[in-house]
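This report concerns only the one structure given below.
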Amino acid sequence: MTISYMLGQSLVLTLLGIGVVFAFIIVMIACLTLVHRIVHSLKLDAEAEEVPVASVPAAASAGTAHIAAIAAAVRAKQG
């Protein structure tokens, strides 16, 4: 076994590994796209109705105010 033979084998093995990973990624993207289309066509991606949240007492701590601000920002971002 010469160095050039070993380097050639390592190059073949490297390219084979990259090819397998690339093929797997392509198959995974195709499967996810298919699932997305199925879910969208069956209308399973509709958001559930929101349940009313109990009101917070007036004597809430400052931490609760931060949580409420974060929740309002997330709600504004979503819709």
Side-chain angles (χ1 to χ4, degrees):
M1 288 187 135
T2 64
I3 295 293
S4 61
Y5 177 77
M6 289 172 46
L7 286 174
Q9 288 293 328
S10 65
L11 179 65
V12 168
L13 188 59
T14 300
L15 292 177
L16 183 65
I18 290 171
V20 168
V21 170
F22 187 71
F24 176 76
I25 290 172
I26 296 295
V27 169
M28 187 172 64
I29 289 171
C31 289
L32 289 176
T33 303
L34 179 66
V35 168
H36 169 73
R37 288 184 181 165
I38 291 171
V39 167
H40 187 68
S41 68
L42 295 176
K43 307 273 191 230
L44 297 175
D45 58 348
E47 292 185 21
E49 294 182 22
E50 292 187 21
V51 178
V53 179
S55 62
V56 178
S61 66
T64 306
H66 290 292
I67 294 172
I70 292 170
V74 168
R75 208 172 299 124
K77 179 75 173 175
Q78 288 178 346

Taking side chain as C-beta onward, heavy atoms only, is Thr2 less than 4.5 Å from Tyr5?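 Result yes, sub-4.5 Å side-chain heavy-atom pair found.
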Side chain to side chain, Leu13 and Ser10, heavy atoms closer than 4.5 Å: no
Give the cluster check for [X] versus [Y]: same hydrophobic cluster or not, with ILVMFWY residues linked at side-chain heavy-atom distances below 4.5 Å.
X	Y	value
Leu34	Leu44	yes
Phe22	Val20	no
Val12	Met6	no
Leu32	Phe24	yes
Val21	Ile29	yes

Return the [atom1] to [atom2] distance between [X] and [Y], rounded to the nearest 0.5 Å.
X	Y	atom1	atom2	answer
Leu42	Arg37	CG	CZ	14.0 Å
Leu16	Leu11	CG	CG	11.0 Å
Ser4	Gln9	OG	CD	10.5 Å

Does Ile3 have more than 12 heavy atoms from other residues, nucleotides or ligands lying within 6.0 Å of its CD1? no
